[in-house]
Amino acid sequence: MNQKNIRVRFAPSPTGPLHIGGVRTALYNYLFARKHGGKLILRIEDTDQNRYVEGAEKYIIQSFEWCGIRFDEDVVKGGPYGPYRQSERKDIYRSYAEQLVTSGKAYYAFDTEEELNAMRERLNKSEAHLSQYGPHTRSSMKNSLTLPAEDVQRMLSSGEPFVIRIRMPEDETIVVNDLIRGEVVVQSSNLDDKVLFKSDGWPTYHLANIVDDHLMEITHVIRGEEWLPSAPLHVFLYQCFGWQDTMPQFAHLPLLLKPDGNGKLSKRDGDRLGFPVFPLQWRDPKSEEISSGYRESGYLPEAFINMLAFLGWNPGTEQELFTMDELISEFSLERVGKHGSKFDPEKARWFNHQYFAKYTTEELADLMLPFLETKGIAISRDYIVKVAGLIRERITLLPDLWQQSWFFFDAPATYDETVIKKVWNPAALIHELVSKFAVEASGLTTWDAEGIHDFIQDFISRHGAKMGQLMTPLRLLVVGSNQGPGMMDIAAVLGKEEFLRRVNAGLLVMMK
RNA sequence: GGCCAGUUCGUCUAACGGUUAGGACGCCAGGUUUUCAUCCUGGUAAUAGGAGUUCGAUUCUCCUACUGGCUACCA
């Protein structure tokens, strides 16, 4: 294959927010395209007006912007094969469907919903090895195969509702050559006469998809496994149109499964298990219901992508942390697994933690700025960088940046009761020790971590105290609990004045 | 029910006929940090079952079981 001409597409339907399974499919398409120097196309498949959801298309585009998946051709920037929204391509599909009718590969059908239901009833009662609307049933239905030609003409010209169905051959072997699964062989007798063109004047997915992939010169169709059952139909359609020589190669990706129990990962699982299922937060325009997103939960886009890439693919080495560029150079469809992956929210958190650990203090400071601004805290960047250095290893999600550092910017308003009980004991002794410390420390001149350390060392030996008897009570007064970085480091960053101010204020509270 | 696909530690997976079946997450234990978290070290734990093929099967074939997907004028 000529690698220069590789063209792949991601073709979502704007029926709601894109969930992480869809993002992963897009990611694999993106990696494949970049790896081979090809193009990635975003095509919006909005052929079902009933399911159209306001804002979904915008959501999809913003999601990809956030996670760094870039398209070469899409609805925003356009491209040589546009338009990229199927609703804007509506005119082109009918003639293709009719071309198939003319060549005898498809036919008009006029059955009403009731008639279709009646047929299915009959099928249910029979031995049921037969497909639905297919070779064995079409002869007893109302269509251009059974009706006299003049009746068909009359019905068509009088505006009678009709659909166009593919005419599946009775017994033919259809082979789908899948890049991930190998040869998938299906007998056409198991397939039915799928509707290609609906009575509302719109094409179904099957028709629009094949026509557009052909027109857009798509070379590889990389999509979810839920499409595998209809892949034989798609292959057959390429043959019907005479496009078999330029038919794209197929790769059906395994699905993302629920973390617990069984089944495909769904919107509900996020609410139920407490992790996001969507890249960005989504507010349903009708129900106003809010679904959480990875971005809003504090995940880094690089970590999110890294985590997603590893759900179904692996490089075959022990490296787990990959930049997008590394993913591009290492990715291959051969290393994509065949079976579904249960999504693991814990591992997602671990990836995010790893990325925070790699950040420089300067980068962390940049991330902290918005939080501090929200809280109305204005302080020197130098100070923020110092704080970032102390909390760097303690961050898993973005909000931890504040949760792990707030006491550098504000004195504690309360003290953890359980920690008081444990640490301020015996109360009189500790109180006296800390009081003496506060007095003596006020005379200390070299206020850095090392100086404070030496001083404390000297202090406890002179007073016959143990390190823990002083340090944990100090932490309680300065931080409000038993958390945070090393006490000497906190004291140094806070500065002598603020540090002692908190200690003395705390001593007053502890007296009560 | 029918069709298609899949099945290695609890989870994500490696091993493309020969390994003490490897790594990561989680969990457990110890160490560091006299806090908490991180981090470090160690441990726990798997080839769904049964037949073949083969000197030898996680790996190839078949059967069974289980899992998943699809079975709309939705994508």
Side-chain angles (χ1 to χ4, degrees), chain A residues 11-15 45-48 50-51 86 109 111 113 116 120 124 127-133 161-165 176 178 180-182 184-187 189-192 194-206 208-209 223-232 252 254-255 257 259-260 262-264 307 310-321 334-335 337-351 353 356-357 391-396 400 404 419 422-423 466-476 479 481-487:
Chain A
S13 185
T15 54
E45 308 220 325
D46 54 350
T47 54
D48 184 358
N50 301 320
R51 293 217 307 159
Q86 288 184 329
D111 313 276
E113 206 178 323
L116 288 172
R120 286 176 190 130
N124 272 339
E127 75 260 51
H129 272 318
L130 311 171
S131 54
Q132 303 217 353
Y133 203 121
F162 71 94
V163 300
I164 295 176
R165 286 180 182 271
V176 179
D178 191 276
I180 291 172
R181 281 151 221 286
V184 177
V185 181
V186 176
Q187 295 307 317
S189 54
N190 289 318
L191 270 21
D192 60 349
K194 277 273 180 304
V195 171
L196 302 178
F197 194 83
K198 299 182 272 185
S199 59
D200 62 4
W202 291 84
T204 61
Y205 171 85
H206 305 294
N209 191 263
R223 77 231 297 193
E225 193 184 359
E226 70 266 30
W227 293 110
L228 193 52
S230 50
H252 289 93
L255 265 18
L257 274 18
D260 64 337
N262 309 317
K264 197 157 64 148
M307 176 273 291
F310 267 71
L311 250 27
W313 170 86
N314 78 86
T317 66
E318 286 181 5
Q319 183 183 350
E320 287 197 279
L321 265 21
E334 286 101 77
R335 294 209 66 89
K338 292 180 172 69
H339 59 273
S341 314
K342 283 187 183 170
F343 180 70
D344 181 2
E346 273 306 319
K347 188 105 189 202
R349 290 169 55 83
W350 177 82
F351 270 110
H353 178 75
F356 271 116
I391 62 167
R392 185 229 297 275
E393 302 280 321
R394 319 173 74 86
I395 310 300
T396 294
D400 295 334
Q404 295 289 341
V419 177
K422 198 175 147 198
V423 159
K466 281 191 237 153
M467 196 70 132
Q469 286 180 299
L470 178 64
M471 297 301 280
T472 44
L474 281 179
R475 177 181 296 278
L476 174 68
V479 174
S481 72
N482 62 339
Q483 308 221 314
M487 201 52 232

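Note that the structure is predicted; figures quoted are calculated from it, not measured. Within every chain, numbering begins at 1; the chains are lettered A, B, ... in the order of the sequence lines, protein sequences first and strands thereafter. What's counted below: heavy atoms across the whole structure, side chains too, no hydrogens, waters or symmetry copies.
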Sub-3.5 Å donor-acceptor pair from the side chain of H353(A) to the main-chain atoms of I395(A), do we have one?
yes
Pairwise C1' distance for rU8(B) and rA15(B), with rounding to whole Å:
10 Å
As its Watson-Crick or G-U partner within any shown strand, both distances under 3.5 Å, rU67(B) has rA5(B)
Spacing of the P atoms in rG49(B) and rU58(B) (rounded, Å)
10 Å
Contact class for E393(A) vs. all strands (heavy atom < 4.0 Å): base, sugar-phosphate, or nothing?
sugar-phosphate
Taken in chain and number order and not counting sequence neighbours, the residues that satisfy ring pair (Phe, Tyr, Trp, His ring centres under 6.0 Å) with F351(A) are none
Verify, without hydrogens or angle tests, whether T15(A) (side chain) and R51(A) (backbone) share a donor-acceptor contact under 3.5 angstrom.
no
Looking only at heavy atoms, what is the nearest atom pair of R392(A) and F356(A), with distance?
CG-O, 4.1 Å
Using Watson-Crick geometry (N1-N3 plus N6-O4 or O6-N4) or G-U wobble (N1-O2, O6-N3), each under 3.5 Å, rA45(B) is paired with none
Go ahead and name the base partner of rU33(B); Watson-Crick or wobble counts if both distances stay under 3.5 Å, otherwise write none.
none
Whom does rU54(B) pair with, Watson-Crick or G-U wobble, provided both distances fall under 3.5 Å?
none
Mark yes or no for whether S199(A), through its side chain, and V163(A), through its backbone, hold a donor-acceptor pair below 3.5 Å.
no
Could you say whether G340(A) or R181(A) is positioned toward the 5' end of RNA chain B, judged by the nucleotide with the nearest heavy atom to each?
R181(A)
Protein-nucleotide distance (N482(A), atom CG; rU33(B), atom P), rounded to Å:
17 Å
Protein-nucleic acid N or O pairs under 3.5 Å, nucleotides 27-30 of chain B:
none

Candidate nucleotides rC39(B), rG22(B), rG68(B), ranked by approach to the side chain of L257(A) - the nearest
rG68(B)
Counting side-chain heavy atoms from C-beta on, which of rU11(B), rU13(B), rG23(B) comes nearest to E318(A)?
rG23(B)
Taking atom C1' in both rU38(B) and rG31(B), compute the distance separating them and give it to the nearest angstrom.
14 Å
For Q483(A) and R475(A), the nearest pair of non-hydrogen atoms, with its separation, is O-NH1, 2.5 Å
Distance, rounded to the nearest Å, where F310(A) contributes CZ and rA14(B) contributes C1':
11 Å
Taking atom C1' in both rU32(B) and rU13(B), what distance in whole Å separates the two?
31 Å
Pairwise C1' distance for rA46(B) and rA21(B), with rounding to whole Å
9 Å
Closer than 3.5 angstrom, by distance alone: can the side chain of R120(A) be matched with the main-chain N or O of Q132(A) as a donor-acceptor pair?
no
Look at all strands and tell whether R335(A) reaches a base, only sugar-phosphate, or nothing, counting heavy atoms closer than 4.0 Å.
sugar-phosphate
Span that lies between the P atom of rC40(B) and that of rA57(B), in whole angstrom
40 Å
Looking at the side chain of K347(A), which of rC36(B), rA24(B), rU11(B) is the nearest nucleotide?
rA24(B)
In this structure, how many angstroms lie between the P atom of rA14(B) and the CD atom of Q319(A), rounded?
16 Å
In the structure shown, which nucleotide is the Watson-Crick or G-U wobble counterpart of rG10(B), with both distances under 3.5 Å?
rC25(B)
Atom P, compared across rU41(B) and rC25(B): separation rounded to whole Å
11 Å
Given RNA chain B, 5'-ward residue of the pair K342(A) and Q187(A), judged by closest heavy atom:
Q187(A)
To the nearest angstrom, how far is Q404(A) atom CD from rU38(B) atom P?
10 Å
rA15(B): pairing nucleotide in any strand, Watson-Crick or G-U under 3.5 angstrom:
none
Nearest to the side chain of H339(A), heavy atoms from C-beta on, is which of rA14(B), rG6(B), rC12(B)?
rG6(B)
Is any side-chain N of the basic residue among K347(A) and D344(A) closer than 4.0 Å to the acidic one's carboxylate O?
no
Touch class at under 4.0 angstrom, heavy-atom based, for G312(A) against every strand present
sugar-phosphate
Find the distance D260(A):CG to rC12(B):P and express it as a whole number of Å.
12 Å
For nucleotides 69-75 of chain B, read 5' to 3', which letter fits each nucleotide if B means a protein heavy atom sits under 4.0 Å from the base, S means only the sugar-phosphate is that close, and - means neither?
BSSSBBB
Which atoms form the tightest heavy-atom contact between L470(A) and P473(A), and what is the distance?
O-CD, 3.2 Å
Indicate whether OP1 or OP2 belonging to rC39(B) is found under 4.0 Å from a side-chain N or O atom of H353(A).
yes
Heavy-atom donor-acceptor pair, R335(A) side chain to W313(A) backbone, under 3.5 Å:
no
Determine: side-chain N/O of N314(A) to OP1/OP2 of rA14(B), distance under 4.0 Å, yes or no.
yes
Distance, rounded to the nearest Å, where I395(A) contributes CD1 and rC36(B) contributes P:
18 Å
Expressed as a whole number of Å, how far does the P atom of rA65(B) sit from that of rG23(B)?
36 Å
Quick check: do P232(A) and L191(A) have side-chain heavy atoms less than 4.5 Å from each other?
yes
Determine yes or no for a side-chain-to-main-chain donor-acceptor pair under 3.5 angstrom, with R349(A) supplying the side chain and T396(A) the backbone.
no
Donor-acceptor pair under 3.5 Å, R394(A) side chain vs rU38(B) base
no
For rA72(B), which nucleotide is its Watson-Crick or G-U wobble mate, given both distances must be under 3.5 Å?
none
Does D178(A) use its side chain to pair, donor to acceptor, with the backbone of H252(A) at less than 3.5 Å?
yes
Do any side-chain nitrogens or oxygens of T396(A) fall under 4.0 Å of OP1 or OP2 in rA37(B)?
no
To the nearest angstrom, the CE-P distance between M487(A) and rU32(B) comes to 21 Å
In whole angstroms, the gap separating C1' of rU59(B) from NZ of K338(A) amounts to 12 Å
